[in-house]
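Ligands are counted one by one from 1 in listed order, and the atoms in each one are counted from 1 as well. All values below come from the heavy atoms of this structure, side chains included, with hydrogens, waters and symmetry mates left out.
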Amino acid sequence: MSLNQNEQALLDSVKDGLYIAGAWEPSSSGATIEVNDPSSGDVIKVIADGTVEDSIRALDAAVAVQDDWAATAPRERSNILRRAFDLLQERKEEFALLMTLEMGKPIAEARGEVAYGGEFLRWFSEEAVRISGQYGSNPEGTGNMLVSQMPVGPCYFVTPWNFPLAMATRKIAPALAAGCTVVIKPAGLTPLTTIFFAQLLEDAGLPAGVVNVITTSKSGAMSNALLSDPRLRKLSFTGSTPVGVKLLEQAAQGVLRTSMELGGNAPFIVFEDADMDRAVEGVMAAKFRNIGQACTAANRIIVHESVADEFAARVTEKVNAMKIGRGTEEGVSIGPLVDDAAVEGSARLVADAIDTGAELLTGGSAIEGPGSYFQPTVLDKLSPQAAILREEIFGPVLGIIRFSSEEEAVQIANNTEYGLVSYVFTENIHRGHRMIEQLQTGMMGLNVGVVSNAAAPFGGVKQSGLGREGGAEGIHEFLSTKYTLLPR
Ligand code: NAP
Ligand code: MG
């Protein structure tokens with residue numbers, strides 16, 4: 001499907017260069033990267049393929065203005081973030097369409113991401129003016145102890161393709177609020193939204209060099225160079241656990257502060273006393289939002305055997321009613337997956353589930369191109385051997401495993417190295433409280449299928465990560481505590 005005039009005009013308004021020290025420039029090697037539309041496979045934009053040298057120049061720029069930025073009045077930093085929030089509201093249709101074009105998500109969900117991603121700008125514009133410390137006598141009465149908060153310093157951000165705007169604002173907004181400068185490297189599959197957001201920051205009055213954007217096809221080499229530069233003070237990464245582990249190893253060499261938002265394998269437990277309407281609605285959101293490509297996606301649907309037939313039938317009916325198509329078409333809820341490798345991943349997990357004894361209730365196949373489409377799929381009666389129970393699916397595949405006791409449900413839910421989010425459906429408040437205590441995840445939805453909010457601390461335990469983004473916690477990822485003793 002070719003681009004319409006409106007889409008082409010939007011893409012033409014997006015810069016194609018690296019953003020370093022407030023200037024847009026080509027790669028020093030002249031190399032370029034093609035960005036494509038996963039609904040057609042067509043190239044929609046060609047942008048700069050930055051080199052390692054370009055990334056060092058971006059860090060030079062961030063380092064050069066770090067002290068000045070840290071010294072700006074908190075109110076000034078707050079005002080810039082607030083202006084960025086306001087500009088994003090004015091440009092929300094452009095941002096939504098751009099995300100749908102480069103990543104494939106349905107336009108209604110892209111609008112939802114603009115709303116969610118924007119809230120980090122508003123939230124941290126409010127937090128910027130509330131950074132405070134402590135002052136008080138030591139226990140001995142011989143001196144006063146002053147505790148203050150200082151910006152960590154220049155930061156390097158690496159973000160994934162699945163939420164191109166929100167994963168950028170969730171890091172950039174608290175960093176700016178705290179007084180840190182930034183080099184950000186968006187995912188190679190979806191660089192345009194971050195570029196367009198840098199244009200917005202420029203329009204909001206952000207001084208040159210405070211945020212620098214580097215796009216590259218050589219993310220490993222670039223990250224390695226930046227992480228071994230002694231001027232860098234912090235790494236914040238969102239992406240898969242294996243890449244996160246590699247970056248943590250490199251960050252350890254420089255003893256960098258790190259925030260890591262890694263993979264998930266969310267359990268979604270439906271107890272026999274659940275409100276079935278809520279549970280069905282919850283699983284549709286938790287599983288199929290972003291075409292299943294979310295770190296918070298329900299990955300293992302753990303349903304009590306006495307309600308599993310009804311639950312499976314109702315979910316299958318809803319899935320059969322979902323409209324598949326290009327994300328720009330109104331009413332579509334299943335757009336293309338991000339690329340053909342993602343389609344192959346879903347196909348492999350479905351085949352393995354069926355081979356190990358699962359029943360296929362609907363879907364199950366890739367859809368012939370153009371575009372990277374996979375049918376929304378429901379599998380029931382997964383065997384404990386199914387790979388789908390251990391791996392992140394990252395596609396529109398819903399697999400049900402049945403249980404008979406609360407103990408067994410908890411055991412299945414915790415049987416993973418991941419610990420990002422869990423979802424529990426029960427009308428029994430005591431059971432709900434037991435689940436809060438027993439499930440090993442950083443976040444939980446109790447009778448709800450979507451938990452993300454800029455005002456909440458987002459993050460995981462176990463191999464799902466380190467640190468929290470958003471909430472009162474978010475800004476502390478970018479502050480370091482300084483203690484001073486003043487003798488009496
Ligand atoms: P990914 O392959 O780990 O990529 C994430 C980022 O890391 C991209 O910018 C990528 O750039 C870069 N990267 C890849 N290999 C690298 C290397 N060797 N060295 C340095 N950088 C490297 O993950 P993804 O497939 O984009 O995203 C999906 C994953 O993100 C899932 O595991 C999902 O659960 C996780 N996620 C987590 C959260 C959370 O908050 N916990 C939120 C969203 C997504 P290139 O692609 O350009 O190489
Ligand atoms: Mg793309």
Element-labelled atoms of ligand 1 that are located less than 4.0 Å from some non-hydrogen atom of [X]:
X: Asn162; answer: 43 (C), 44 (C)
X: Lys185; answer: 9 (O), 10 (C), 11 (O), 45 (P), 47 (O)
X: Leu262; answer: 34 (O), 37 (C), 38 (C), 39 (C), 41 (N)
X: Gly264; answer: 34 (O)
X: Val158; answer: 6 (C), 7 (O), 9 (O), 12 (C)

inquiry  = According to ring-ring contact (aromatic ring centres under 6.0 Å, His included), does anything in residues 220-254 pair up with another residue at least two apart or in another chain? List the pairs.
reply    = none

Is any N or O atom of [X], backbone or side chain, closer than 3.5 Å to an N or O atom of ligand 1?
X: Thr241; result: no
X: Thr238; result: no
X: Ser240; result: yes
X: Ala294; result: no

request  = Return the minimal non-hydrogen interatomic distance between Ser464 and Gly460, and the atom names on each side.
outcome  =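 Where Ser464 meets Gly460 most closely, the heavy atoms are CB-CA, 4.0 Å.
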
query = In this structure, which one of Val378, Leu349, Ile388 forms a side-chain contact (heavy atoms from CB on, under 4.5 Å) with Val397?
reply = Ile388

inquiry  = Looking at ligand 1, is there an atom of it that comes within less than 4.0 Å of some heavy atom belonging to Trp161?
reply    =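 Yes.
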
message = Tell me whether ligand 1 is touched by Gly465 - counting only heavy atoms on the residue side and a distance under 4.0 Å.
response = no

inquiry  = Parallel, tilted or perpendicular: which one describes the rings of Phe124 and Phe120, with boundaries at 30° and 60°?
reply    = parallel

ask   = Does Glu469 approach ligand 1 within less than 4.0 angstrom via side chain, backbone, both or neither, non-hydrogen atoms only?
value = neither

inquiry  = Between Arg348 and Glu391, does any side-chain N to carboxylate O distance fall below 4.0 Å?
reply    = yes

query = Is there a donor-acceptor pair under 3.5 Å between the side chain of Lys287 and the backbone N or O of Ala298?
reply = yes

